[in-house]
Amino acid sequence: MFISFAQHLYSRLTKTLHAMNPTCIFCKIATGQAKATLLHQDDLVTAFRDIHPVAPTHILVIPNRHIESVNFVTPQDEPVLGRLFTVARHLAEQEGIAHSGYRIIVNTNADGGQTVFHLHMHVIGGQRMRYPMG
Ligand code: DGP
């Protein structure tokens, strides 16, 4: 009994560590090793406030597992990619911006303006935005 529980804990820990990049700030936030204002966490995704908000609401929604960017997504990631959207929708409602509107952005690599190489969805709202932006 004790051995099987220990094996279960060991397997959970190794799965988490394998899914994590130890140098990635968003992995650290998802695993509680770095602080952030968390708004949501479940088995697949974590959402927290952006440290440099560009609008009254600026939330990041990330997969818990380290995926470097959209360039690395696979069909196996489809459940987590769908969850990013349902959590974004839920948080937009919670923030009171669902009706007024908001923008979802996923930056990829240098030309896309990606600075943190752990896939993330920006959910930005609370003010009128123009498209395209610089
Ligand atoms: P991007 O340019 O798409 O890679 O956006 C990265 C965003 O991540 C940027 O808006 C700032 C935010 N960010 C970077 N480091 C941290 C951090 O340590 N905590 C939080 N909450 N946000 C961060």
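Count residues from 1 along the sequence. Ligands are counted one by one from 1 in listed order, and the atoms in each one are counted from 1 as well.
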Subject >> ligand 1 atoms in contact with I29 (distance to a heavy atom under 4.0 Å) >> reply: 19 (N)

Subject >> Output field: ring centroids H118/H120 closer than 6.0 Å >> reply: no

Subject >> Backbone or side-chain N or O of H52 under 3.5 Å from ligand 1 N or O >> reply: no

**OP:** Taking only heavy atoms of F48 into account, list the atoms of ligand 1 that are under 4.0 Å away from them.
**Re:** 20 (C), 21 (N)

**OP:** Report the nearest protein non-hydrogen atom to atom 21 (N) of ligand 1: residue, atom name, distance rounded to 0.1 Å.
**Re:** R49 O, 2.9 Å

Original post:
Nearest to atom 23 (C) of ligand 1, what protein heavy atom do you find, and at what distance?
Top reply: I51 CG2, 3.4 Å

Original post:
Taking everything shown except D43 itself, do over 12 heavy atoms lie less than 6.0 Å from its CG?
Top reply: yes

Original post:
Which heavy-atom pair separates Y102 from A92 by the least distance, and what is that distance?
Top reply: CE2-CB, 3.5 Å

**OP:** Could you tell me whether some N/O pair between T115 and ligand 1 is separated by less than 3.5 angstrom?
**Re:** yes

**OP:** State plainly whether one hydrophobic cluster holds both V116 and V61, where clusters connect Ile, Leu, Val, Met, Phe, Trp and Tyr through side-chain heavy atoms under 4.5 angstrom apart.
**Re:** no

**OP:** Could you check atom 12 (C) of ligand 1 against the protein and tell me its nearest heavy-atom contact, residue, atom and distance included?
**Re:** D50 OD2, 3.3 Å

Subject >> Closest approach of any protein heavy atom to atom 14 (C) of ligand 1, naming residue and atom >> reply: V116 CG2, 3.8 Å

**OP:** Could you tell me which atoms of ligand 1, counted from 1 in the order shown, lie closer than 4.0 angstrom to a heavy atom of H122?
**Re:** 1 (P), 3 (O), 5 (O), 7 (C), 10 (O)

**OP:** Determine, for E78 against R83, whether the closest basic-nitrogen to carboxylate-oxygen distance falls under 4.0 angstrom.
**Re:** no

Original post:
For ligand 1, which part of V54 has a heavy atom less than 4.0 Å away: the side chain, the backbone, both, or neither?
Top reply: neither

Subject >> L44 side chain near P63 side chain, heavy-atom distance below 4.5 Å >> reply: no

**OP:** For F117 and ligand 1, answer yes if some heavy atom of the residue is under 4.0 Å from a ligand atom, otherwise no.
**Re:** no

Original post:
Is it true that T37 lies under 4.0 Å from ligand 1, counting heavy atoms only?
Top reply: no

Original post:
Is there side-chain contact between N109 and D111, with heavy atoms separated by less than 4.5 Å?
Top reply: no

**OP:** Check the side chains of H122 and H58 for a donor-acceptor pair under 3.5 angstrom, ignoring hydrogens and angles.
**Re:** yes

Original post:
Do the side chains of T46 and L60 get nearer than 4.5 Å, heavy atoms only?
Top reply: no

Original post:
Just distances here: any N/O of A36 and N/O of ligand 1 closer than 3.5 Å?
Top reply: no

**OP:** Search all heavy atoms of M129 against all heavy atoms of I124 and return the closest pair with its distance.
**Re:** CE-O, 3.3 Å

Subject >> Subset of ligand 1 atoms that lie under 4.0 Å from at least one heavy atom of N107 >> reply: 1 (P), 2 (O), 3 (O)

Original post:
What protein heavy atom sits nearest atom 18 (O) of ligand 1, and how far off is it?
Top reply: I25 CG1, 3.4 Å

Original post:
I104 and I62: same hydrophobic cluster, using ILVMFWY side-chain contacts below 4.5 Å?
Top reply: no

**OP:** Indicate, as side chain, backbone, both or neither, the part of H120 found under 4.0 angstrom from ligand 1 when only non-hydrogen atoms are considered.
**Re:** side chain

Original post:
Which protein heavy atom lies closest to atom 8 (O) of ligand 1, and at what distance to 0.1 Å?
Top reply: F26 CZ, 3.4 Å

Original post:
Can you check whether G113 has an N/O within less than 3.5 Å of an N/O in ligand 1?
Top reply: yes

Original post:
Heavy atom under 4.0 Å from ligand 1: found in I105's side chain, backbone, both, or neither?
Top reply: neither

**OP:** Specify whether F48 and F26 have parallel, tilted or perpendicular ring planes, treating 30° as the upper limit for parallel and 60° as the lower limit for perpendicular.
**Re:** perpendicular

